[in-house]
Amino acid sequence: MFKKIIFFLTFSIVFCNNISANDGYNLWLQYRFIENASLREEYLKALEKLSPSGNSETINIALKELDKGLSSMLGSEFSSTSTNNNGNTLIFGAKANLPEDVILQLGNAFNEINEEGYVIRSYSLKGKNHIVITGNSDIGVLYGVYNFLKLLQTNKSIEKLNIIDSPKIKVRILNHWDNLDRTVERGYAGFSIWDWHRLPDYLDPRYTDYARANASVGINGTVLNNVNANALILTPQYLEKVEALANVFRPYGIKVYLTARFSAPIEIGGLKTADPLDADVIKWWKEKTTEIYKRIPDFGGFVVKANSEGQPGPQDYNRNHVDGANMLADALAPFNGIIMWRAFVYSEHDTTDRAKQAYPEFVPYDGQFKDNVIIQVKNGAIDFQPREPFHPMFGAMPKTPIMMEFQITQEYLGFSTHSVFLPTMYEETLQSDTYRKGKGSIVAKDLDGTLHNKRLTGMAGVSNIGNDINWTGNPMLQANWYGYGRLAWDPYLSAESIADEWLRLTFSNNKNFIEPVKEMMLNSREAVVNYMTPLGLHHIMDTGHHYGPGPWVSNLSRPEWNPVYYHKADSLGIGFDRTPTGSNATEQYAPEVAKVYNDLKSISEKDLLWFHHVTWDYKLKNGKTLWDGMALKYQEGVDQVASMIKTWNQMESYVDTERYNNIKMLLNIQYKEAKWWRDACLLYFQQYSKRPLPEGVEKPSQTLEYFQSLKFPFAPGN
């Protein structure tokens, strides 16, 4: 009778969990009850006792996470407070705190990991089977604990474990483009999660959950404020608030960084100049940096956006980026802080080709930057487009550390209403071959330091996080935060493996759900490229807010702010000539790469209009004319979204009602907007091609004039 009651209660809990609402707040840390009884029994038998080694705040967090995760997944039969000294034990702690007999079981494993790495190993001792999670630091142990919990979440066997893993990139950070008034530039998931007004005394529990989520994927830093910075963040009033956040994040291995406004010595320091070679300016920054480190001993350093889009910088004083970066680097060096100096620069004074402008401002100065300066380079040379060729600076500065800047928030990819799995885009860039040291010199090798033997390595992701209950405004876009973290840890991972992992953690291990939704995710980015910017088109979004199409915009004061600058459509054809007959941007790449881009026969059609202006009757590889092929690509993108909707509509039985309906509604918005993109762009370009839409392309629902008349003064994130 007692067993029947237990079974009924267990069944009831499982049933209620399946039908209860899920607002997505728990991200990929769902810790769902494991319904497979035999698998659950296997886990329970292996985890009869938890044995922490050490008593640091981080180890206590690891214990709390194990208790939370195992209790949820294994139910009431699991107890983290078991006193069974003869049971199979999970031991976790740093090497310095482990018993000697456990260390002997690990051999040379500690030599195979770095300071943040971990080891998870099974071993037998005195007739019992134990598991140890360890590392050279407590933070490494915490990373190992999250990885171990992931094994259970994804229903993997935990017999005969032998996992040795370390992050391949040192600095793995989120860039928050958050303002002090809680607005978020390019933020599509509500307001900033940083409640500056109530800090430092009110610590929202969300700060801890943010730290948990980041630690679970190995993110070890956060830049709290916008790259278009407000100098007030460096005043005592705000540094006190930054200190409070740093205290929350520290046990999770997360350092805080700040964007430093270059003109801060004038705006909050009372100086008349911000010249990086001025003695008073140098003194001011050293004193300010010392002030920060007195509050936050593990402060990570500064991000700087300088002489870009109107931001102040060293060029205001006839200095260069080296002068500015090195001055700040000297201030940080005594405290082991770093400068992340952004390479996103372009000038209104050079209108030949925006894509070329960063390269000459940085590459000639290779080797002149201080050791604690790392140049932060966007994945492409324009600005986070749905597709861009890799930035020519990757691999081109062998003596200077370079870090990647990916955008997680979807400024140019439909905001949070479009379900786009970005790791496919990240993977495409990371696997691109720079040829800077011959074939195989892929971007990932430049980032992890192996291409040119660099010590300081990094990756930044522009956050898509806001105060929406599900964090990212769309449950599907949590995968981009997760996927970015996984690739920052290991830039050689595949997007497919990340998608599989995230779906299992976040929704279900059922293969009937996993396989179709994974395929949907892996195709989603290509769908966006097709219905927005096929065949190498780029930056044709409406300007300012970047919401929706605007290929017709031509009236803005700076040429490179106008979409017509990028597509150059005329009666002859379309595309930006970046070959030697045009801007010659291809010369910034290695000769092997430039040769491919310059040659119409060898270039991938995915990049065609990025590098070439071709006629409307140009024959694509499938035999269709450029016009017909482009129109069909727009239609293909729309059809791909329709297919995504069809797939998702079949998943209702596998997903809780709240998230299922949320995603369903957003996919319908995406479909509506994909058709808007197709119709508006084809009507506009048809003025120049003067050709009919090919068979298979739906006729536009409105006129070009209608689409041009649409205004969005309150589009989010602007």
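Computed from heavy atoms alone, side chains included, the values below leave out hydrogens, waters and symmetry copies.
Within 6.0 Å of NZ in K156 there are more than 12 heavy atoms belonging to other residues, nucleotides or ligands. The number of heavy atoms from other shown groups lying within 6.0 Å of NZ (K568) is above 12. In K511, the NZ atom is not crowded: 12 or fewer heavy atoms of neighbouring residues, nucleotides or ligands sit closer than 6.0 Å. No more than 12 heavy atoms of other residues, nucleotides or ligands sit less than 6.0 Å from atom CD of E519.
A side chain to side chain contact (heavy atoms under 4.5 Å, CB included) with T424 holds for exactly one of I498, N523, L522; it is L522.
Contact detail for V377 and F394: the closest heavy-atom pair is O-CZ, 3.7 Å. Scanning both residues, K675 and V638, for their nearest heavy atoms gives CG-CG1, 3.6 Å. Here the closest heavy-atom approach between residue P491 and residue Q431 is recorded as O-NE2, 4.1 Å. Shortest non-hydrogen contact noted between L149 and G69 is CD2-CA, 4.3 Å. Among all heavy-atom pairs drawn from S419 and S524, the shortest one is O-CB, 3.5 Å. Closest of all the heavy-atom pairs between W677 and Y531 is CB-O, 3.0 Å.
Between F507 and F513, the distance from one ring center to the other falls under 6.0 angstrom. Centroid-to-centroid, the aromatic rings of Y210 and F249 come within less than 6.0 Å. Annotation: W552 is not in aromatic contact with F707 [ring centroid separation under 6.0 Å not met]. Between F714 and H545, the ring centre distance reaches or exceeds 6.0 Å. Remark: aromatic rings of H612 and Y618 are distant, center separation not under 6.0 Å. The ring of F611 has its center no closer than 6.0 angstrom to the ring center of F576. Close placement of the W676 and Y547 rings is indicated, their centers lying within 6.0 Å of each other.
Put simply, the side chain of E428 never gets that close to the backbone of E388: no donor and acceptor are under 3.5 Å apart. Checking side-chain atoms of D679 against main-chain N and O of S701 turns up a donor-acceptor pair under 3.5 Å.
Note: L683 CG to K699 NZ = 12.0 Å, rounded to the nearest 0.5 Å. Distance check, rounded to the nearest 0.5 Å: OH of Y671 to CD1 of I645 gives 7.0 Å. Considering CZ of R32 and OG of S508, their distance stands at 6.0 Å, rounded to 0.5 Å. Taken to the nearest 0.5 Å, the OG1 atom of T222 stands 13.5 Å off from the CZ atom of R172. We find the CZ-CG distance between F390 and N379 to be 12.0 Å, quoted to the nearest 0.5 Å. Expressed to the nearest 0.5 Å, how far CH2 of W561 lies from OH of Y346 amounts to 6.0 Å.
For the pair E526 and R387, the salt-bridge criterion is met [side-chain N within less than 4.0 Å of a carboxylate O]. Under a 4.0 Å N-O distance rule, the pair R206/D209 does not qualify as a salt bridge. A salt bridge links D383 with R354: at least one charged nitrogen is closer than 4.0 Å to a carboxylate oxygen. Remark: R342 engages E405 in a salt bridge, criterion side-chain N to carboxylate O under 4.0 Å. Salt bridge status for E411 with R186: present, with a side-chain N to carboxylate O gap under 4.0 Å.
Under 3.5 Å, the side chains of D165 and W489 contain a donor-acceptor pair of N or O atoms. Side-chain atoms of R678 and Q635 include a donor-acceptor pair closer than 3.5 Å. One side chain, S192 or D178, offers a donor N or O that lies under 3.5 Å from an acceptor on the other. Looking at N179 and N226, their side chains do bring a donor and an acceptor atom within 3.5 Å of each other. Looking only at atom types and distance, the side chain of S497 has a donor-acceptor partner in the side chain of S494 under 3.5 Å away. There is a side-chain donor-acceptor pair under 3.5 Å between N175 and Q376. Remark: the W481 side chain and the N214 side chain contain an N/O donor-acceptor pair separated by less than 3.5 Å.
For the pair R486 and W502, the cation-pi test (distance below 6.0 Å, angle within 45°) is failed. Geometric assessment of R182 against the ring of F191 yields a negative cation-pi assignment under the 6.0 Å and 45° thresholds. Cation-pi geometry between K150 and F148 is not met: the NZ or CZ atom fails to fall both under 6.0 Å from the ring centre and inside 45° of the normal.
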Would Y31 and E65 count as a side-chain hydrogen bond (donor to acceptor under 3.5 Å, both in side chains) if you check the C-alpha gap in whole Å, the side-chain angles of each, and the deciding distance to 0.1 Å?
CA-CA 10 Å; Y31 297 146; E65 198 71 39; 2.8 Å; yes
With salt bridge (Lys or Arg N to Asp or Glu O under 4.0 Å) as the test, would you mind laying out the steps for K518 and E496 before giving the verdict?
CA-CA 8 Å; K518 180 169 65 174; E496 181 178 3; 3.7 Å; yes
Evaluate side-chain hydrogen bond (donor to acceptor under 3.5 Å, both in side chains) for Q410 paired with N480, printing each intermediate quantity in order.
CA-CA 10 Å; Q410 294 175 184; N480 296 333; 3.2 Å; yes
Show, in sequence, the C-alpha distance, side-chain angles and deciding distance for E658 and N22, and conclude whether the side-chain hydrogen bond (donor to acceptor under 3.5 Å, both in side chains) test is met.
CA-CA 6 Å; E658 187 168 357; N22 188 326; over 6 Å; no
Intermediate values then yes/no, salt bridge (Lys or Arg N to Asp or Glu O under 4.0 Å), R40 and E35
CA-CA 7 Å; R40 194 168 65 251; E35 298 179 46; over 6 Å; no
Should W196 and D181 be marked as a side-chain hydrogen bond (donor to acceptor under 3.5 Å, both in side chains) after you check the CA-CA gap, both sets of side-chain angles, and the distance that decides it?
CA-CA 8 Å; W196 294 110; D181 63 0; over 6 Å; no
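Residues L632 and V697 form a side-chain contact, since some pair of their non-hydrogen atoms from C-beta on lies under 4.5 Å apart.
By the 30° and 60° cut-offs, the orientation of the rings of Y660 relative to W648 is parallel. In this pair, H567 and Y684 present their aromatic rings perpendicular. The plane angle is above 60°, beyond the 30 to 60° band.
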